[in-house]
Every structure is written in structure tokens, then in C-alpha cells.
Amino acid sequence: MTGRYSEHDHEHYERPRRRTRPRTKDRPTYDDAVDGVVVTVDRGRFTLLVDGHRVMAMKSRPLGRKGVVVGDRVRVVGDTSGDDGSLARIVEVVPRTTTLRRTADDDDPVERVIVSNADQLVVVTALADPEPRPRLIDRALVAAYDAGMAPLLCLTKADLADPETLLSTYRSLGVPWVVTQLKGEGAGDLTEVRERLRGRTSVLVGHSGVGKSTLVNALVPDAGREVGIVNSVTGRGRHTSTSAYLLELPGRDGWIIDTPGIRSFGLAHVQPENLIEAFPDLEEMTEDCPRGCTHGSEEPECGLDEAVASGEADPDRVESFRRLLAAREGASDW
Ligand SMILES: Nc1nc2c(ncn2[C@@H]2O[C@H](COP(=O)(O)OP(=O)(O)OP(=O)(O)O)[C@@H](O)[C@H]2O)c(=O)[nH]1
Ligand SMILES: [Mg+2]
Ligand SMILES: [Zn+2]
């Protein structure tokens, strides 16, 4: 098989998952392999879920330098008993349906958060402590649209501040949202969140200290995710979670991936032309745009301007789209 897997081949992930695995003479087949899913990665060792139990595994040689990330569906051989000291081997990674990437920044010592096969990106933002930063929300939304993942805005710590100001910024984009409160009086109702997570694989992303792990613990009773405090002077979290972790929701009702808080989200890999595709109603109005039009506010003859002028497009929506487009550029700090 010549189709060498590339982390940066975006097209690759758009293809529907194949039911039958490709096989050729040059490639060993693993008829005795079993299916697993990657739960977490720690120093080259993978924790998998195989048939409902935990199995430690390493990558096998045929995979070469191909990355294996949390969320990957894999084929495994060897000792899959999960007994103490046992180690299985991952021999194949099933083609990914989606991948969430961020471009590494030179000055960023934190691991790149990379997960696969998630279909919903939950942008977790505290309403206070730490303060919300709309620019980080915008950048995460761009990453979601680019990865072909449905975005969900999750505003936490509703006991500390009112969500209305923030929500008003996102209405015209049509991003679905939930508000949570896990402390103080009236805390704990997660009905709406559960509804949104049902049957999906959702990845939580956001700053350190916004309450991602707290939410995971509330949703998955035996999750046991460590939770940190937010420094009251700097308003920053402590980067308590250090690696991505996949958990199944109770009742086999979907999957959730907790991730470490991130400081920046490099979007250098995102092509502007991919963003408009996430807004089919707007894309329709760009059919007569000059070749190479990015549909940004600086473009001289963009169809979006005509559509606003003729009343065909909602000016707020066009403006919000362009704000996202602009958020792609500049510093990647959240
Ligand atoms: N007031 C209030 N505090 C909350 C709420 N949810 C979480 N917290 C607190 O926020 C702090 C940080 O929570 P974590 O769950 O560790 O945050 P995190 O996003 O997982 O942080 P990292 O793992 O560092 O990325 C803890 O002290 C939580 O108790 C909430 O609804 N209200
Ligand atoms: Mg955490
Ligand atoms: Zn245009």
C-alpha cells in the first residue's frame, strides 16, 4: 500500500471510514488482531480499552513513525489480557474520521493536544476565574470548523457571573451552547449537557482552570480526574491535567475526552477557504467572488458585502464570520 499516512493530509480524514481494511501482499495481515481504542498516552505507552477492559500497549514496528493518539481506533495483537505487566502491540490505526490539531508554537513547552475521531469540540470557558477570553473561543471555533467537528460552547462557573454578555457575541454564529454550574447553590444540573453529549465523541478544550476535569467527574461518576485550584492572584489554573484522557459516558451514551489546559492554539495549518465551508448559507453568496477571495472585510469585491448590501445576508452573521476569519491570524495566545 502506497498511501503512507500523513498527519498533515487533511483530505485523508474527510473520507468515510472504510469497513474493510486494505490488504496487500507487501503488508502483513493480522487476522488474530483485536479492536481497541486509545484512552491515554504516557511516555510512549498506550492505555487501550479492549472489550471493555484496560490493556497496556506499545506501538509495533510496522507502524513506523505514524502517530497514535487518544481516540484512535486500533488493531492490537499479543497479550491483550490486561494483566499486570502485560504489554500488547498496536499493529494498525484505523483511518481517522476527524483529527483535532494545533500547530506547535516555538515557545510552547506544553504538549500539542491532538485527538482523533471526536465529532464534537466543546469549547470550555469559565464565566469568571479565569476570565473568559473571546479570542480564545474564536480560535477554538475555527479549529472545530476546520476539523469538521461540531462546536459546542460550554460556559462554566455560572455561580460567579452572568453568561448573557458572552452569549450575545455568539448568537449570530449559531453556535450551540450550554451553561453549567458545579459549585454554590443550585449546582449540578447537567441534563442539558448530557443531552448535547449523547451518542457523540466530544473533546473538551480550554484554558487551565476552567473546570474541564470537574465537568468530566460530574458526568462520569468513577472518572477520578484530578482537579486543581485557580490561583486567586494571577487568575490562572495550575495545569492539573497533563494528558488527554478518553472516557465512556454512563449508559454507553457516548465518549468524552478531557484534555490538559492549553496556553495557545496555533492555527497556522488552517486554510481560510475551509472556514467558509462551515457556513453553507454564506458560502452560497460567495459564488461570484473573484478568484482567491478570502471573504475577509478587506476584500474589494467580496460577494458577502453585496449580500449584506442587498439585505440577503444578516450583517451580524457576516461580521461574526469575518471575526473568526481574522482570529486565525496573529498571536496564537489564548
Ligand atoms: N465556582 C466554581 N468553581 C468551579 C466550577 N467548576 C469547577 N470549578 C473549580 O475550578 C477549579 C479548576 O477546575 P479543574 O476541573 O481542575 O479545571 P481544568 O479545566 O480541568 O484545569 P486543567 O486540568 O488545569 O486544564 C477547581 O477549583 C474547581 O473546583 C463551578 O461551576 N463554579
Ligand atoms: Mg483538568
Ligand atoms: Zn469573497
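Model, not experiment: these values are computed from the prediction. Ligands are counted one by one from 1 in listed order, and the atoms in each one are counted from 1 as well. Nothing fancy with the numbering, it's 1 onward along the sequence.
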Engineer: Nearest to atom 27 (O) of ligand 1, what protein heavy atom do you find, and at what distance?
Structural biologist: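 The protein heavy atom lying closest is Gly228 O, 2.9 Å.
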Engineer: Name the option, out of Gly261, Gly209, Ala126, that contains the heavy atom nearest to atom 21 (O) of ligand 1.
Structural biologist: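 Of the listed residues, Gly209 has the closest heavy atom.
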Engineer: For ligand 1, which is the ligand I care about here, please tell me if Asp258 has any N or O atom under 3.5 Å from one of the ligand's N or O atoms.
Structural biologist: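 Checking ligand 1 against Asp258, no N or O pair falls under 3.5 Å apart.
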Engineer: Looking only at N/O atoms, are Asp159 and ligand 1 under 3.5 Å apart anywhere?
Structural biologist: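 In this structure, Asp159 places an N or O atom under 3.5 Å from an N or O of ligand 1.
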Engineer: So, are Arg322 and Asp305 salt-bridged, with charged N and O less than 4.0 Å apart?
Structural biologist: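 The answer is yes: the pair qualifies as a salt bridge.
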Engineer: Are the side chains of Val68 and Val41 in touch, meaning some heavy atoms are under 4.5 Å apart?
Structural biologist: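 Result no, sub-4.5 Å side-chain heavy-atom pair not found.
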Engineer: Can you list the atoms of ligand 1 that are under 4.0 Å from a heavy atom of Thr240?
Structural biologist: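 Taking each heavy atom of Thr240 in turn, ligand 1 has 22 (P), 23 (O), 24 (O) under 4.0 Å.
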Engineer: Would you say Glu226 and ligand 1 have an N/O pair spaced under 3.5 Å apart?
Structural biologist: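 For ligand 1, there is no N or O atom that lies under 3.5 Å from one belonging to Glu226.
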Engineer: Which of the atoms in ligand 1, numbered in the order shown and given with their element, are less than 4.0 Å from a heavy-atom of Gln181?
Structural biologist: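 Those of ligand 1 that fall under 4.0 Å from Gln181 are 31 (O).
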Engineer: Suppose I only count heavy atoms of Ile229 and a 4.0 Å limit; which atoms of ligand 1 are within that range?
Structural biologist: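 What qualifies from ligand 1 is 27 (O).
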Engineer: Can you give me the SG-the Zn ion (ligand 3)-ND1 angle for Cys302 and His295, to 10°?
Structural biologist: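 The SG/ND1 angle about the Zn ion (ligand 3) sits at 120°.
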Engineer: Around atom CD of Glu131, are there more than 12 heavy atoms from other residues, nucleotides or ligands closer than 6.0 Å?
Structural biologist: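 Above 12, so yes.
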Engineer: Quick one: nearest non-hydrogen protein atom to atom 24 (O) of ligand 1, plus distance?
Structural biologist: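 Of every protein heavy atom, Ser208 OG, 2.6 Å lies nearest to atom 24 (O) of ligand 1.
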Engineer: Test of understanding: given a 4.0 Å heavy-atom threshold, classify the contact between Val210 and ligand 1 as side chain, backbone, both, or neither.
Structural biologist: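 Both backbone and side chain.
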Engineer: Would Lys212 count as being in polar contact with ligand 1, using the rule that some N or O on each side must be under 3.5 angstrom apart?
Structural biologist: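 Yes - when backbone and side-chain N and O of Lys212 are compared with those of ligand 1, one distance drops under 3.5 Å.
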Engineer: Do Leu304 and Leu324 belong together in a cluster built from hydrophobic side chains that touch within less than 4.5 Å?
Structural biologist: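 In one cluster: yes.
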Engineer: What I want to find out is whether Asp35 reaches Arg73 closely enough, with some N-O distance under 4.0 Å, to be called a salt bridge.
Structural biologist: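 Salt bridge absent between Asp35 and Arg73.
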Engineer: Please work out, at 4.0 Å between heavy atoms, whether the side chain, the backbone, both, or neither of His239 comes within that distance of ligand 1.
Structural biologist: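 For His239, the contact with ligand 1 is made by the backbone alone.
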Engineer: Is there a path from Leu247 to Met56 through hydrophobic residues (I, L, V, M, F, W, Y) whose side chains come within less than 4.5 Å of each other?
Structural biologist: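 Different clusters: Leu247 never reaches Met56 through Ile, Leu, Val, Met, Phe, Trp or Tyr contacts under 4.5 Å.
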Engineer: So between Gly206, Gly211, Pro130, Ala218, whose heavy atom ends up nearest atom 17 (O) of ligand 1?
Structural biologist: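 The residue whose heavy atom sits nearest atom 17 (O) of ligand 1 is Gly211.
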Engineer: Is it the case that atom CD in Glu164 sees more than 12 heavy atoms from other parts of the structure closer than 6.0 Å?
Structural biologist: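 Enclosed: over 12 neighbouring heavy atoms sit under 6.0 Å from CD of Glu164.
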Engineer: Would you say ligand 1 has an N or O under 3.5 Å from any N or O of Leu182?
Structural biologist: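 Yes: some nitrogen or oxygen of Leu182 is under 3.5 Å from one in ligand 1.
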Engineer: I'd like to know whether Lys183 forms a salt bridge (Lys or Arg N to Asp or Glu O under 4.0 Å) with Asp159, so could you lay out the CA-CA distance, the side-chain angles of the two residues, the decisive distance to 0.1 Å, and finally the verdict.
Structural biologist: CA-CA 7 Å; Lys183 281 200 171 171; Asp159 51 314; over 6 Å; no
Engineer: Specify the protein heavy atom at minimum distance from atom 29 (O) of ligand 1: its residue, its atom name, and the distance to 0.1 Å.
Structural biologist: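 Protein heavy atom at minimum distance: Lys183 NZ, 2.9 Å.
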Engineer: Heavy-atom count check: over 12 atoms from other residues, nucleotides or ligands less than 6.0 Å from Arg317 CZ?
Structural biologist: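 Atom CZ in Arg317 is crowded, with more than 12 foreign heavy atoms closer than 6.0 Å.
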Engineer: Quick check on the hydrophobic clustering: are Leu153 and Leu160 connected, directly or via other members, by side-chain heavy-atom contacts under 4.5 Å?
Structural biologist: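 Each belongs to a different hydrophobic cluster.
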Engineer: Can you tell me if an N/O/S atom from Thr259 lies under 2.8 Å from the Mg ion (ligand 2)?
Structural biologist: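 Here the distance criterion (N, O or S atom, under 2.8 Å) is not met by Thr259, so no.
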Engineer: A quick test of your reading: do over 12 heavy atoms of other residues, nucleotides or ligands sit less than 6.0 Å from CZ of Arg171?
Structural biologist: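 More than 12 heavy atoms, drawn from other residues, nucleotides or ligands, come within 6.0 Å of this atom.
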Engineer: Show me which atoms of ligand 1 lie under 4.0 Å from any heavy atom of Val227.
Structural biologist: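 Answer, ordered by atom number: 13 (O), 14 (P), 15 (O), 16 (O), 26 (C), 28 (C).
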Engineer: Below 4.0 angstrom from a heavy atom of Thr214, which ligand 1 atoms are there? Numbered from 1 as shown, please.
Structural biologist: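 Those atoms are 6 (N), 7 (C), 13 (O), 14 (P), 15 (O), 28 (C).
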Engineer: Indicate the ring-plane relationship of Phe321 and Phe279, choosing parallel, tilted or perpendicular according to the 30° and 60° boundaries.
Structural biologist: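 Correct class here is perpendicular.
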Engineer: Side chain, backbone, both or neither: which part of Leu160 has a heavy atom under 4.0 Å from ligand 1?
Structural biologist: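 It is the side chain that touches ligand 1; the backbone stays farther off.
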Engineer: Could you check atom 8 (N) of ligand 1 against the protein and tell me its nearest heavy-atom contact, residue, atom and distance included?
Structural biologist: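 The answer is Lys157 CE, 3.7 Å.
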Engineer: Between Pro290 and Glu301, which heavy-atom pair has the shortest distance, and what is it?
Structural biologist: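 So the two residues come closest at CD-O, 3.2 Å.
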Engineer: Does Ser241 bring an N, O or S atom to under 2.8 Å of the Mg ion (ligand 2)?
Structural biologist: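 For Ser241, the answer is yes, given that an N, O or S atom comes within less than 2.8 Å of the Mg ion (ligand 2).
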